[in-house]
A.B. asks: 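My questions all concern the structure below.
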Amino acid sequence: MLTINMRSDTQTLPTRAMREAIFNAPLGDDTYGEDPTVKEFEALAAEMTGMEAALLVLSGNMGNLVCLMAHGGHGDEVIIDPDSHIYYYEVGGLANIAGLMPMPVPSHAGMLDPKEVSAAIRAPNLHYPTPKLLCLENTHNRSGGRVVPLDLHRDLCQVAKGRGLAVHLDGARIFNAAIAAGVEVTEYTANVDSIQVCLTKGLGCPLGSFVAGSREFIARADRARKRLGGGMRQAGIIAAAGLYALKNNVNRLADDHRRARVLAERLNDLPNLSVDLRYVESNMVYVDHSATGKSTAEFTKLLREAGVIVSTRPPRQVRLCTNLHHDDATIDEVVERVAAVVRGERVHKGEPTCA
Ligand code: TLP
């Protein structure tokens, strides 16, 4: 087995069937609304998220940004978890492109507290920016892919709505969340005004995301996308992969979750490694390596030499994600290689590959 890439669920290559779907897709100019594959994709994306309309975008980052731009004007305030992807990993686009003012409300390992959110929404005052939006994220990446339960999600939306705020859901992995929670995606979207969903995570596409909302909202998001340079021509080559993924790759996410759980339990059994098993609810495993005495960079390097690529969450953790290229044997092999590293053996395996 070559190097095993557990860095992210983004590390997939399109399968043969997905490539065939791309090859065979009828195409047209999407800027003129004439790409039939994009139209079919956006209709299915809207239907599966229970929204009136959807819009194909190039990435999750772009999807979140066009939604932020469509929701607020310069200087408006956004209630947001500083551990969310939008705040932590999107180069400050919230502020420097959308022009919004963040009001950080830290979550508790991915779970926002409705009372703390409510307290952060200030009454109108000449001195304050106007609170316009609450941003949610599900599954919650930096807490280990935790699933925000539907009841909590509803309470948070209710707090926002009750105070006149709109709700944006970064649902990069909303299908993971729904499957793990045993509910429909539409139950999560019923209370939000916009959602961003990534095609490039567990769904296995080479690029693309979509945003969904009301027809009127999506018309505004479309203008924001164009402003960002994200208007596309024969975008059916992206949408075809998305259509294939929505039809074929959603239910199998449960396999990724099952394998992540097995991986977490077995890594937690290794000396000097620990995994908070309470937080392993979807396809991610955050491993605390601090008892090895190695820095995250050193530990990651040793794992790479042993043929396992992970992502870093310094100073104490590395992250492993399962994806559609991994089977049960992959998990066995990863555990064996990590075990060799913690035993202090220098192993050299394989060459980098996407699988
Ligand atoms: N997450 C990536 C990295 O950027 C950390 C990953 O490997 O997990 N929302 C959430 C919750 C995400 O996790 C990501 C990507 C995005 C948005 C952005 O998606 P892309 O990378 O397609 O712009």
Side-chain angles (χ1 to χ4, degrees), residues 5-12 14 45 49 55-69 78 80-94 97-98 107 109-112 135-148 153 168-178 180 185 188 192 194-212 224-225 228-230 232 238 241-242 245 253 256-257 260 279-287 296 300 309-314 317-326 354:
N5 191 342
M6 307 293 294
R7 185 189 278 142
S8 180
D9 47 4
T10 60
Q11 303 293 289
T12 55
T49 50
L55 182 75
L56 179 68
V57 292
L58 288 167
S59 67
N61 201 322
M62 179 182 269
N64 283 329
L65 192 49
V66 300
C67 287
L68 294 169
M69 290 166 74
V78 182
I80 187 161
D81 173 11
D83 235 5
S84 65
H85 197 277
I86 291 177
Y87 189 99
Y88 201 94
Y89 287 125
E90 298 188 3
V91 209
L94 165 90
I97 301 179
S107 67
M111 305 297 132
L112 282 165
C135 284
L136 303 176
E137 181 177 311
N138 207 358
T139 60
H140 189 277
N141 187 340
R142 286 183 54 78
S143 70
R146 291 191 74 197
V147 178
V148 181
H153 170 84
H168 171 66
L169 174 58
D170 179 356
R173 298 181 178 85
I174 195 63
F175 288 106
N176 296 81
V185 165
Y188 278 117
V192 306
S194 60
I195 183 169
Q196 182 283 122
V197 181
C198 287
L199 300 169
T200 53
K201 307 292 181 293
L203 297 183
C205 294
L207 79 162
S209 269
F210 69 88
V211 300
R225 181 185 70 168
L228 292 176
M232 293 176 276
I238 305 171
L253 294 172
D256 293 348
H257 298 178
Y279 293 177
V280 182
E281 297 180 337
S282 61
N283 63 346
M284 296 182 186
V285 181
Y286 277 61
V287 184
T296 304
T300 303
I309 302 179
V310 300
S311 56
T312 57
R313 294 292 179 274
Q317 292 176 314
V318 293
R319 185 189 73 171
L320 291 83
C321 283
T322 49
N323 69 47
L324 53 73
H325 293 315
H326 305 144
C354 225

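The basis for the numbers below is simple: all heavy atoms, side chains too, and nothing from hydrogens, waters or symmetry mates. Each ligand, and each atom within it, is numbered from 1 in the order the structure gives. Since we're looking at a predicted model, the values are computed, not measured.
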A.B. asks: N/O to N/O below 3.5 Å, does that happen between Asn141 and ligand 1?
C.D. replies: yes
A.B. asks: Does ligand 1 have any atom sitting under 4.0 Å from a heavy atom of Arg7?
C.D. replies: no
A.B. asks: Passes side chain to side chain contact (heavy atoms under 4.5 Å, CB included), Met111 versus Val148? Steps please.
C.D. replies: CA-CA 6 Å; Met111 305 297 132; Val148 181; 4.2 Å; yes
A.B. asks: Thr139 to ligand 1: N or O pair under 3.5 Å?
C.D. replies: no
A.B. asks: Can you see whether Arg146 engages Asn141 through a side-chain donor-acceptor pair at a distance of less than 3.5 angstrom?
C.D. replies: no
A.B. asks: Using a 4.0 Å cut-off to any heavy atom of Asn61, which atoms of ligand 1 qualify?
C.D. replies: 18 (C), 19 (O), 20 (P), 23 (O)
A.B. asks: For ligand 1, is any non-hydrogen atom under 4.0 Å from Gln11's backbone (N, CA, C, O), its side chain (CB onward), both, or neither?
C.D. replies: neither
A.B. asks: Check Met62 against ligand 1 and report side chain, backbone, both or neither, counting heavy atoms closer than 4.0 Å.
C.D. replies: neither
A.B. asks: Answer yes if the side chains of Asp81 and Ser107 hold a donor-acceptor pair under 3.5 Å, and no otherwise.
C.D. replies: yes
A.B. asks: Near Arg319, which atoms of ligand 1 are under 4.0 Å from a heavy atom of that residue?
C.D. replies: 6 (C), 7 (O), 8 (O)
A.B. asks: Do Thr139 and Arg173 get their side chains close enough for a donor-acceptor pair, meaning under 3.5 Å?
C.D. replies: no
A.B. asks: Do His153 and Asn138 pair up side chain to side chain, a donor and an acceptor below 3.5 Å, judged on atom types alone?
C.D. replies: no
A.B. asks: Just checking, is any N or O donor in the side chain of Tyr286 or Arg142 under 3.5 Å from an acceptor N or O on the other one?
C.D. replies: no
A.B. asks: Going by heavy atoms in the side chains, are Val211 and Ile195 under 4.5 Å from each other?
C.D. replies: no
A.B. asks: If you count the atoms of ligand 1 from 1 in the order shown, which ones are under 4.0 Å from a heavy atom of Ser8?
C.D. replies: 6 (C), 7 (O), 8 (O)
A.B. asks: Which heavy atom of the protein is the closest neighbour of atom 4 (O) of ligand 1, given with residue, atom name and distance?
C.D. replies: His85 NE2, 2.8 Å
A.B. asks: Just to check, does His140 reach to within less than 4.0 Å of ligand 1 when the distance is taken from its heavy atoms?
C.D. replies: no
A.B. asks: So which protein heavy atom does atom 22 (O) of ligand 1 come closest to, and at what separation?
C.D. replies: Gly60 N, 3.0 Å
A.B. asks: Do ligand 1 and Met284 have nitrogen or oxygen atoms that lie under 3.5 Å from each other?
C.D. replies: no
A.B. asks: So is Lys201 polar-close to ligand 1, meaning N/O to N/O under 3.5 Å?
C.D. replies: yes
A.B. asks: Pairs of nitrogen or oxygen atoms closer than 3.5 Å, one from Asp170 and one from ligand 1: do any exist?
C.D. replies: yes
A.B. asks: Among Asn5, Thr12, Thr10, find the residue that satisfies the side chain to side chain donor-acceptor pair (under 3.5 Å) test when tested with Ser8.
C.D. replies: Thr10
A.B. asks: Short list, please: which atoms of ligand 1 are under 4.0 Å from a heavy atom of Glu90?
C.D. replies: 17 (C)
A.B. asks: Is any NZ, NE, NH1 or NH2 atom of the basic residue among Lys201 and Asp9 found under 4.0 Å from an Asp or Glu carboxylate oxygen of the other?
C.D. replies: no
A.B. asks: Checking side-chain polar atoms at under 3.5 Å, does His85 have a donor or acceptor matched by the opposite partner on Glu90?
C.D. replies: yes
A.B. asks: Checking the N or O distance criterion of under 3.5 Å, is ligand 1 in contact with Tyr89?
C.D. replies: no
